[in-house]
Amino acid sequence: MTSVKTPVLEVTDLKKHFPVRKGVLGRVADNVHAVDGVTFSINEGETLGLVGESGCGKSTVGRTVLRLLKPTAGSIRLVGNDITTLGNRALRAHRRRMQIIFQDPFSSLDPRMSAGEIVGELLDVHGVITGSERKQRVAELFEHVGLRSDQLRNYPHEFSGGQRQRLGIARALSLNPELIICDEPVSALDVSIQAQVINLLMDLQQEYSLSYLFIAHDLAVVEHISDQVAVMYLGRIVEVADKRELFASPQHPYTESLLAAVPAPDPARERKKRLLKGDVPSPISRPSGCHFHTRCPYATERCRVEDPPLKEVAEGHRIGHRVACHLR
Ligand code: SF4
């Protein structure tokens with residue numbers, strides 16, 4: 001009998017729009033549709049890779065899920081609890097259950113705090129444990145992420161980039177969260193270090209049944225760690241599927257283009273190159289119809305006027321395969 005896993009995070013039709021104000025009175029003249037109706041869920045112990053070019057809204061999804069930003073519409077459920085509209089006081093208990101690892105380990109750590117203070121900071125803020133218990137927990141966290149306890153008194157500048165990201169991971173783990181938003185956690189690291197950090201995240205996931213929302217601009221980075229992959233374009237998910245299904249049989253032209261940029265392990269089976277032209281259009285004045293039509297090699301008149309819904313194109317896989325394209 002297959003065990004049914006519990007969703008740790010359920011996001012339904014999430015929107016985050018930022019008003020654009022103009023004039024002396026600061027009237028709202030327009031809106032940036034940073035996130036525009038995004039739906040996904042992540043089960044216990046699993047990873048959703050959220051991928052797209054810079055400016056597609058993926059980091060805004062992460063920050064809105066964490067309620068660092070107030071959602072414009074939609075709902076966010078964390079382990080069955082609706083946290084979409086909770087005020088700060090009610091959110092406090094839920095904040096412990098979800099943490100974030102930032103992209104840049106160089107600027108996300110306070111240079112005036114020692115490594116031990118950084119890793120123990122959230123324990124102090126939430127008043128979870130104090131004294132010798134706290135000391136022991138911080139030392140354990142150091143060990144879990146592959147740092148030495150004799151580095152507790154060192155300052156961030158005394159660590160390498162990879163070690164600093166390990167500090168960020170230890171800090172995120174300190175309150176035993178169920179969900180971690182990994183916001184481009186390896187983009188600022190050397191390729192050789194990226195694999196080490198991803199392997200560490202996977203080991204920790206196995207050990208603590210962690211769920212990850214893993215945000216990246218590069219499909220190659222999410223391939224190893226993800227169970228499912230969602231591709232975002234201009235605030236919307238345009239394709240979502242089980243990882244293997246998405247890499248073996250991409251259905252959306254945008255996913256095809258992102259995959260074309262991933263080096264194939266076997267040059268003989270090199271994917272047909274269909275590299276993207278142009279930049280992502282502005283999320284203030286998005287193209288009509290399918291937002292991708294200005295860059296899509298298959299665009300037709302219908303694409304310019306009709307917005308394709310995200311619909312199921314293949315069943316039989318664990319999570320289905322959904323695509324927003326008139327060709328499917
Ligand atoms: Fe391209 Fe049209 Fe499909 Fe959009 S709907 S991805 S423009 S073919």
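Ligands are counted one by one from 1 in listed order, and the atoms in each one are counted from 1 as well.
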J.: Are the side chain of Glu239 and the backbone of Val323 linked by a donor-acceptor contact shorter than 3.5 Å?
T.: no
J.: Keeping the roles fixed (side chain from Asn81, backbone from Leu78), state whether a donor-acceptor pair exists under 3.5 Å.
T.: yes
J.: In Å and rounded to the nearest 0.5 Å, what is the CD1 to CG distance from Ile169 to Leu201?
T.: 4.0 Å
J.: Cut-off 3.5 Å, no hydrogens considered: what does the side-chain donor-acceptor table look like for residues 172-188, sequence neighbours left out?
T.:
from, atom 1, to, atom 2, distance (Å)
Ser174, OG, Arg171, O, 2.8
Asn176, OD1, Arg137, NH2, 3.1
Glu178, OE1, Arg97, NE, 2.9
Glu178, OE2, Arg97, NH2, 3.0
Asp183, OD1, Ser59, OG, 2.9
Asp183, OD2, Ser59, OG, 3.3
Asp183, OD2, Arg63, NH1, 2.6
Glu184, OE1, Ser187, OG, 2.5
Glu184, OE1, His217, ND1, 2.8
Glu184, OE2, His217, ND1, 3.4

J.: How about CD on Glu133, more than 12 heavy atoms from neighbouring residues, nucleotides or ligands closer than 6.0 Å, or not?
T.: no
J.: Looking only at atom types and distance, does a side-chain atom of Ser226 sit under 3.5 Å from a main-chain N or O of Thr47, one as donor and one as acceptor?
T.: no
J.: Near atom 1 (Fe) of ligand 1, meaning under 2.8 Å, how many protein N/O/S atoms are there?
T.: 1
